[in-house]
Amino acid sequence: MLVVALAASSGYAGLRFSHYWAQNPSQRYVDSLLASARAAGARVNVYDTPLPSNIVSGVEPHHNVSDALRLGGIDATYEDPRSEPLVVAADGRLTKAAFVPASIGLGRLKVNCGTYIHGVGVWTIPLSRAVPLASWYLRFELYQNAASTITIDLIDAAGRETHPLRGPQVAIDSTLAALNLRLSVFSPVSVRVHSASPATSLCLVRTLIGAPFPVGR
């Protein structure tokens, strides 16, 4: 009778586990993400946003879209300025993104140019408001006549500094680009741009702190 009871208990536990596992959204989410990435074509351009916490906990160090795509064998690019990146929707599908600003760059703005970065110097762009502490994106919408390289700092209200996750120095090859730079958890109040080349001449038409969201959602 004891053996029968143990067998019945084990069978019940297995059925309960199967029931809850079938309700786990992770498999559907990942299947949808990988299928839409393959459908988008070679080296799809994607915002490397964190995966939802019900898919992968934020405590896990590898919890971004790039981690899931790499495990799925997808060769992707992330925040490539030569095209607008796609963003992952709540169901895992890649879709067109709208960048929603939480704060915008102010300061001395030129008509049709915004902040004019030229020659050797340092330009500080104050933000319209301090954003809450979170993992934001810095977005530059810009144009220039020739390729340039700039260095970027972000400063919070206490004077602490940080840089985009890809590093402080950014090479800009396109004459017309929307540059999306992922940040660590931070609350910037201003953006500082350094140029070390006399040949630098670019217009930061808009400077934004914000995040991408699926279009129409």
Side-chain angles (χ1 to χ4, degrees), residues 43-49 64 66 76-87 96-213 215:
R43 293 187 66 78
V44 57
N45 190 22
V46 181
Y47 278 106
D48 193 17
T49 52
N64 276 40
S66 58
T77 61
Y78 299 97
E79 294 94 28
D80 188 330
R82 291 172 293 185
S83 65
E84 280 291 335
L86 301 176
V87 70
K96 290 183 178 179
F99 191 90
V100 179
S103 189
I104 61 173
L106 302 175
R108 298 180 60 184
L109 304 177
K110 293 174 64 71
V111 176
N112 299 324
C113 181
T115 303
Y116 182 36
I117 308 298
H118 57 98
V120 177
V122 179
W123 290 262
T124 299
I125 306 169
L127 298 171
S128 58
R129 61 185 291 266
V131 294
L133 196 67
S135 180
W136 299 100
Y137 274 88
L138 166 64
R139 179 179 171 98
F140 286 143
E141 296 175 2
L142 62 93
Y143 64 87
Q144 60 184 359
N145 292 324
S148 61
T149 298
I150 57 176
T151 301
I152 300 168
D153 303 316
L154 295 105
I155 301 96
D156 69 6
R160 292 182 291 259
E161 297 181 8
T162 192
H163 311 290
L165 285 176
R166 69 167 64 175
Q169 195 170 79
V170 178
I172 309 168
D173 299 324
S174 305
T175 55
L176 183 66
L179 194 64
N180 298 289
L181 302 170
R182 193 159 59 94
L183 309 177
S184 57
V185 175
F186 201 64
S187 176
V189 296
S190 62
V191 180
R192 192 162 56 211
V193 178
H194 307 247
S195 168
S197 171
T200 299
S201 180
L202 66 89
C203 287
L204 299 179
V205 180
R206 293 212 300 167
T207 298
L208 308 170
I209 298 290
F213 291 89
V215 171

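Keep in mind the model is a prediction, meaning the values are calculated, not measured.
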Novice: State, yes or no, whether a side-chain contact exists between Ile150 and Leu202 at a heavy-atom distance under 4.5 Å.
Specialist: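 Yes. Closest side-chain heavy atoms under 4.5 Å.
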Novice: How many angstroms lie between atom OG1 of Thr200 and atom CG of Asn145, to the nearest 0.5 angstrom?
Specialist: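 CG of Asn145 is found 12.0 Å from OG1 of Thr200.
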Novice: So do Leu208 and Glu141 actually touch side chain to side chain, heavy atoms under 4.5 Å?
Specialist: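 Yes, close enough: below the 4.5 Å cut-off.
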Novice: Within the structure provided, determine whether Phe140 and Arg206 are in side-chain contact (heavy-atom separation under 4.5 Å).
Specialist: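 Not touching, per the 4.5 Å side-chain cut-off.
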Novice: So how far is it from Tyr116 OH to Ser201 OG, rounded to the nearest 0.5 Å?
Specialist: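 Taking OH in Tyr116 and OG in Ser201, the distance rounds to 3.0 Å.
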Novice: Could you tell me whether the side chain of Ser190 and the main chain of Leu127 form a donor-acceptor pair under 3.5 Å?
Specialist: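 The answer is no, because no donor-acceptor pair under 3.5 Å joins these two groups.
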Novice: I need the single residue from Val170, Leu181, Asp153, Thr151 that forms a side chain to side chain contact (heavy atoms under 4.5 Å, CB included) with His163. Which is it?
Specialist: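 Only one option passes, and that is Asp153.
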Novice: Any side-chain heavy atom of Val131 sitting closer than 4.5 Å to one from Arg129?
Specialist: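 In short, these two side chains touch, coming nearer than 4.5 Å.
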Novice: Only one of Val46, Asp48, Thr49 passes side chain to side chain contact (heavy atoms under 4.5 Å, CB included) with Asn64; say which it is.
Specialist: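 Going through Val46, Asp48, Thr49 one by one, the side chain to side chain contact (heavy atoms under 4.5 Å, CB included) with Asn64 is satisfied by Asp48 alone.
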Novice: CG/Asn180 to CZ/Arg166 distance, rounded to the nearest 0.5 angstrom?
Specialist: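 With rounding to 0.5 Å, CG (Asn180) is 8.5 Å from CZ (Arg166).
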Novice: Is any side-chain heavy atom of Pro85 closer than 4.5 Å to a side-chain heavy atom of Asp80?
Specialist: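 When only atoms from C-beta onward are counted, Asp80 and Pro85 do not touch, as no gap falls below 4.5 Å.
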Novice: Would you say the side chain of Leu204 lies within less than 4.5 Å of the side chain of Ile117, judging by non-hydrogen atoms?
Specialist: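 Yes, their side chains come closer than 4.5 Å.
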Novice: Could you check if a side-chain atom of Thr115 sits within less than 4.5 angstrom of a side-chain atom of Val193, using non-hydrogen atoms only?
Specialist: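 Thr115 vs Val193: side chains apart.
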Novice: Determine whether Leu138 and Thr207 make a side-chain contact, defined as any pair of heavy atoms from C-beta on separated by less than 4.5 Å.
Specialist: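 A side-chain contact exists here, since the closest heavy-atom pair is under 4.5 Å.
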Novice: Which value, rounded to the nearest 0.5 Å, describes the distance between Arg192 atom CZ and Ile155 atom CD1?
Specialist: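 That separation rounds to 4.0 Å.
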